[in-house]
Amino acid sequence: LCGPAPGDPAVFGDAAGLVQSFALARLRLGDDDQPQGLLALGSRGERTFVAGQATDLLSFLARVVEQAVRRWVSAG
C-alpha cells in the first residue's frame, strides 16, 4: 500500500504530522500464530510514494528485512 496521504499516528507516532506520503509492506515473520510486522516508510515529499507505482523493489526490501529479522531472532 502506498500513496500521497498524511501519516497515520498509529503507524508513525509523533512524526505522523511530518509524513506526506508513505509506503507500507507486511512482514511475515513466521507461522500465522507468530506476531507479524510492518515495514513503514514515510516521506515529507508529497509525491515520493504514489498509488500504482511499481512496488517490486518495496516487496524485495520487505523480504530482505523479514530474513534479517528471522536470523536476528533465531540467534538471540
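Just so you know, residue 1 is the first one in the sequence shown, and it goes up from there. Values below: every heavy atom of this structure, side chains too, minus hydrogens, waters and symmetry copies.
The neighbour count for Arg26 CZ, taken as heavy atoms of other residues, nucleotides or ligands under 6.0 Å away, does not exceed 12. Heavy-atom contacts from other residues, nucleotides or ligands closer than 6.0 Å to CG of Asp56 number more than 12.
Under a 4.5 Å side-chain heavy-atom criterion applied to ILVMFWY residues, the cluster that includes Val64 comprises Phe60 as well.
Judged by distance alone, the side chain of Ser21 and the main-chain N or O of Gly45 form a donor-acceptor pair under 3.5 Å. Looking at Glu46, its side chain never comes within 3.5 Å of a backbone N or O of Gln20 through a donor-acceptor pair.
Residue Ser43 comes nearest to Phe49 through the heavy atom pair CB-CE1, 4.0 Å, listed as atom of the first residue, atom of the second, then distance. The two residues Ala62 and Ala25 have their closest heavy-atom pair at CB-CB, 3.8 Å.
Screening Gln36, Arg28, Arg71 for a side-chain contact (heavy atoms from CB on, under 4.5 Å) involving Glu66 leaves a single residue, Arg28.
Residues Leu41 and Leu58 have side chains in contact (heavy-atom distance under 4.5 Å, counting atoms from C-beta outward).
Within the structure, salt bridge (Lys or Arg N to Asp or Glu O under 4.0 Å) contacts touching residues 35-45 (residues at least two apart or in different chains) do not occur.
Hydrophobic clustering keeps Leu27 apart from Leu57 (ILVMFWY residues linked when any side-chain heavy atoms are closer than 4.5 Å, directly or through intermediates).
Atom-to-atom distance recorded for Leu29:CG and Leu38:CG is 10.5 Å, nearest 0.5 angstrom. From Leu24, atom CG reaches atom CZ of Phe12 across 6.0 Å, with rounding to the nearest 0.5 Å.
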